[in-house]
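Sequence lines set the chain letters: A, B, ... in the order given, protein chains first and strands last, and positions in each chain run from 1. Only heavy atoms go into these numbers, but all of them, side chains included; no hydrogens, no water, no symmetry mates.
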Amino acid sequence: MVNKYYIKELLKNEKLFLNKKILIEGWVRSIRYSIFVSLNDGSTVKNLQIILQKNLDKSILKKITIGTSIKVVGFIEKSLGREQSIELKSIYLYIHKSVDTTYIQKSILQPKKHTLEKLRKQAHLRFQTNIFSCIMRIRHYTSFCIHKYFNKKNFFYIHTPIITTSNCEGNSKMFHITTIDNNSTLSYKDYYKDFFKKKTYLSVSGQLEAESAAIGLGKVYTFGPVFRAENSNTSKHLAEFWMVEPEIAFYDLNDNINLAEDCIKNIIKYVLYNCLDDLYFLEKNLKKWNNKKQDFLINRLKFVLKKPFQRINYTEAIKIINKEYKKIKYNPIVWGMDFQSEHEQFLVNKYFNIPIVIYNYPSCIKPFYMKINEDGLTVKAMDIIFPYIGEIIGGSQREERYEFLINRIKKTKISKKNLWWYIETRLFGSVPHSGFGLGLDRLIQFITGMKNIRDVIPFPRTPNNAEF
RNA sequence: UCCUCAGUAGCUCAGUAGGUAGAGCACCUGACUGUUAAUCAGGUUGUCGCUGGUUCGAUCCCAGCCUGAGGAGCCA
């Protein structure tokens with residue numbers, strides 16, 4: 001009986017495995033000189049070199065093509081080559097499934113430089129490429145760390161519904177859910193005869209439900225997919241994306257910002273510690289593709305950890321932009337307008353040169369649930385803006401006062417009807433509370449240096465694209 | 001949704017200032033027991049995104065459409 005191991009385990013403890021007989025399974029990345037096979041099993045970006053038996057039949061050898069899945073039993077030995085310190089000398093080989101060379105040619109497995117667009121078109125095969133498997137491992141560690149972080153801080157993980165009746169953002173377009181089919185004489189307007197006897201949608205956020213959970217459980221978070229039916233064709237938007245939304249009772253805006261900053265920094269630290277091989281690989285390749293001379297990925301991550309984020313209120317931010325706009329040839333901005341992405345990028349990349357937190361936005365550009373300040377004009381909102389990708393977190397202290405909430409809803413012309421339960425929470429032990437939404441995919445974009453958000457999620461959903 | 005750009009071999013791309021196309025790699029055949037996307041020799045490969053128009057003739061010019069990318073808006 002031979003034990004099976006994964007490449008990550010072998011490389012972590014090379015000496016322990018020397019001269020040991022082991023079993024390994026994976027996919028062929030390349031075959032050289034008829035005896036050297038680079039095998040990858042997904043556990044790490046690094047490959048294990050397999051030395052095939054010298055007298056292997058030619059017909060077998062021909063079957064060991066790129067992408068072929070194999071099982072090998074052999075002895076771990078010190079490698080004579082330069083690129084690796086150990087290798088597996090094979091004594092038994094089993095081919096699970098050989099890949100025909102004509103298929104390889106048509107696929108992204110072909111050992112060539114492929115564009116990320118090409119990889120996207122073969123999203124079902126992307127997991128077999130180095131770059132995408134690196135990103136997926138980082139995505140895993142990021143998600144895992146989020147649970148770890150909140151668990152350690154005594155938050156409870158709340159599963160908020162994916163099917164909802166309310167639109168928390170007020171103006172986001174939502175996906176309508178119905179069981180009425182096209183052939184029916186009913187239309188989607190006959191929602192009172194539909195499955196739920198209500199108009200239902202895919203959730204754009206779990207916030208409202210999380211708020212009611214926080215009033216009782218104290219500290220909660222949601223982490224799941226959310227859906228936006230906006231027709232946005234950009235490198236930063238998805239129709240289905242993953243969002244982390246903590247919601248905390250007795251937290252004010254400042255506590256909220258502190259939590260958000262600590263959370264992001266914690267995740268980055270965790271990824272730096274656990275995904276260094278993947279980050280090195282990405283850095284090496286991004287450098288090549290972007291024709292950059294300097295390493296930038298890992299330094300950028302370390303840089304975020306170094307200093308506190310710059311906190312600035314909306315009104316001050318406007319002043320800075322209007323003072324500097326002539327120099328930078330951007331449009332000036334009037335109080336009450338939202339920032340354009342060039343404004344945000346100016347503040348982050350040029351003016352402060354660190355991630356920034358902008359808070360106390362005018363109430364007219366923010367949703368109804370945010371707590372209004374004493375000035376009556378601004379709300380206790382905060383956005384965290386990161387270099388290159390822009391807004392990564394949006395949050396606020398919530399309006400916990402019943403009358404103020406009602407007033408705000410009236411002003412924003414949102415229907416109270418479906419929100420009755422949310423409003424009612426303000427009558428039962430309402431407390432100051434805060435929360436934020438962290439876009440997981442955007443955070444991973446920043447960590448991995450991917451320019452397009454479609455390259456950090458396994459099967460992206462965007463307008464016109466749900467192929468896989 | 002708007003603006004800009006692109007679509008040529010399996011991949012990355014060049015090209016034709018209107019006369020149906022080429023490079024590198026891949027692939028195929030052969031050689032090779034220490035390679036690192038191995039090397040050497042020989043060989044194959046295309047509705048030049050789709051539809052229509054102008055023309056003796058369109059991959060090239062014009063129009064429409066489709067697909068993709070970058071940017072903007074919406075936001076996470």
Indicate, with a heavy-atom threshold strictly under 4.0 Å, whether A/Q110 touches base, sugar-phosphate, or nothing. base

Expressed as a whole number of Å, how far does the C1' atom of B/G57 sit from that of B/G19? 7 Å

Looking only at atom C1', what distance separates B/U67 and B/A17, rounded to whole Å? 29 Å

When we call it a touch if two heavy atoms are under 4.0 Å apart, what does A/K58 touch: a base, just sugar-phosphate, or nothing? sugar-phosphate

Distance, rounded to the nearest Å, where A/N130 contributes CG and B/U36 contributes C1': 13 Å

For the residue pair A/F223 and A/W242, does the interplanar ring angle fall in the parallel (under 30°), tilted (30 to 60°) or perpendicular (over 60°) class? perpendicular

What distance, rounded to whole Å, do you find between the two P atoms, one in B/A14 and one in B/A6? 11 Å

Parallel, tilted or perpendicular, judged at 30° and 60°: which one describes the rings of A/F446 and A/F386? perpendicular

Dot-bracket pairing map - RNA chain B, Watson-Crick plus G-U, both contacts under 3.5 Å, | cross-strand: (((((((..((((.....[..)))).(((((.......))))).....(((((..]....))))))))))))....

Could a donor-acceptor pair under 3.5 angstrom be found where the side chain of A/E87 meets the base of B/G34? yes

Interatomic distance at C1', B/G49 relative to B/A58, whole Å: 15 Å

Show, in sequence, the C-alpha distance, side-chain angles and deciding distance for A/D41 and A/K8, and conclude whether the salt bridge (charged side-chain N to carboxylate O under 4.0 Å, His left out) test is met. CA-CA 9 Å; A/D41 68 359; A/K8 192 179 177 181; over 6 Å; no

Contact class for A/L80 (heavy atom, under 4.0 Å): base, sugar-phosphate, or nothing? base

Reckon A/I393 touches a base, only the sugar-phosphate, or nothing at all at heavy-atom distances under 4.0 Å? sugar-phosphate

Heavy atoms only, 4.0 Å cut-off, all strands: where does A/Q49 land among base, sugar-phosphate and nothing? base

Which of B/A72, B/G68, B/U1 is nearest the side chain of A/N231? It is B/U1

For A/E230 and A/P463, the nearest pair of non-hydrogen atoms, with its separation, is O-CG, 4.0 Å

Aromatic contact between A/Y221 and A/H147, with the criterion being ring centroids under 6.0 Å apart: yes or no? yes

Rounded to whole Å, the CD-P distance (A/E344 to B/G71) equals 14 Å

Rounded to the nearest angstrom, tell me the gap between atom CG in A/N47 and atom C1' in B/A38. 16 Å

OP1 or OP2 of B/G70 less than 4.0 angstrom from a side-chain nitrogen or oxygen of A/N452, does that happen here? yes

Quick one: does A/E247's side chain get under 4.5 Å of A/H433's, heavy atoms only? yes

Using a cut-off of strictly less than 4.0 Å, decide whether A/K118 has a side-chain nitrogen or oxygen near OP1 or OP2 of B/C11. yes

Can a side chain N or O of A/S235 be found less than 4.0 Å away from OP1 or OP2 on B/G71? yes

Report yes if at least one side-chain N or O of A/Y33 is closer than 4.0 Å to OP1 or OP2 of B/A38; otherwise report no. no

Between B/G34 (P) and A/I31 (CD1): distance, integer Å: 15 Å

Counting the benzene-type ring for Trp, do A/Y5 and A/F17 have ring centres under 6.0 Å apart? yes

If I take atom CG in residue A/L48 and atom P in nucleotide B/U36, what distance separates them, rounded to the nearest angstrom? 18 Å

For A/E316, salt bridge (Lys or Arg N to Asp or Glu O under 4.0 Å) partners two or more places apart: none

Please find out if less than 6.0 Å separates the ring center of A/F132 from that of A/F127. yes

Whole-Å distance separating the CZ atom of A/F227 from the C1' atom of B/A76: 14 Å

How long is the line joining NZ of A/K62 and C1' of B/C27, in whole Å? 12 Å

Given B/A69, is OP1 or OP2 found less than 4.0 Å from the side-chain N or O atoms of A/R454? yes

Check every strand shown and say whether A/E391 touches a base, only sugar-phosphate, or nothing at a heavy-atom separation below 4.0 Å. sugar-phosphate

Distance, C1' atom - from B/C48 to B/U8, rounded to whole angstrom: 4 Å

Can you tell me, in whole Å, how much space there is between the C1' of B/A21 and that of B/C13? 14 Å

Contact class for A/R82 vs. all strands (heavy atom < 4.0 Å): base, sugar-phosphate, or nothing? base

Rounding to an integer number of angstrom, what distance separates B/A26 and B/C2 when you compare their C1' atoms? 40 Å

By nearest nucleotide on RNA chain B, pick out whichever of A/K54 and A/T115 is the more 5' one. A/T115

Regarding A/N233, tell me which of base, sugar-phosphate or nothing describes its non-hydrogen contacts under 4.0 Å with the strands shown. base

The single option from A/K89, A/R32, A/E83 passing side chain to side chain donor-acceptor pair (under 3.5 Å) against A/Q49: A/R32

Rounded C1' spacing from B/U29 to B/G64 in Å: 48 Å

Look at all strands and tell whether A/S79 reaches a base, only sugar-phosphate, or nothing, counting heavy atoms closer than 4.0 Å. base

From B/C28, B/A76, B/A38, nucleotide with atom closest to A/T101 side chain: B/C28

Pick out the pairs of N or O atoms, protein on one side and nucleotides 3-9 of chain B on the other, that lie under 3.5 Å.
none

Assess whether salt bridge (charged side-chain N to carboxylate O under 4.0 Å, His left out) is satisfied between A/R454 and A/D441, documenting all intermediate values. CA-CA 9 Å; A/R454 285 157 230 197; A/D441 313 274; over 6 Å; no

Side-chain-base donor-acceptor pair under 3.5 Å for A/E117 and B/U67: no

Students often mix this up, so state it plainly: with edges at 30° and 60°, are the rings of A/Y157 and A/H159 parallel, tilted or perpendicular? perpendicular

When you get a sec, tell me which of B/U36, B/A69, B/A76 is the closest nucleotide to the side chain of A/Q84? B/U36

Is there a side-chain polar atom (N or O) of A/S341 under 4.0 Å from OP1 or OP2 of B/G73? yes

Presence of A/T234 side-chain N/O under 4.0 Å of B/G73 phosphate oxygens OP1/OP2: no

Indicate yes or no: does A/E261 engage A/K265 in a salt bridge with an N to O separation below 4.0 Å. yes

Residue pair A/G437/A/H114 against RNA chain B: nearer the 5' end by closest nucleotide is A/H114

With a non-hydrogen cut-off below 4.0 angstrom, is A/S232 in contact with a base, only sugar-phosphate, or nothing? base

Below 4.0 angstrom from OP1 or OP2 of B/A38, is there any side-chain N or O of A/R32? yes

Which part of the nucleic acid does A/K113 contact within heavy-atom distance under 4.0 Å: base, sugar-phosphate only, or nothing? base

Could you state the CG-C1' distance from A/L56 to B/C32, rounded to the nearest angstrom? 16 Å

Taking the six-membered ring for Trp and the full ring for Phe, Tyr or His, determine whether the centres of A/F468 and A/H124 are under 6.0 Å apart. yes

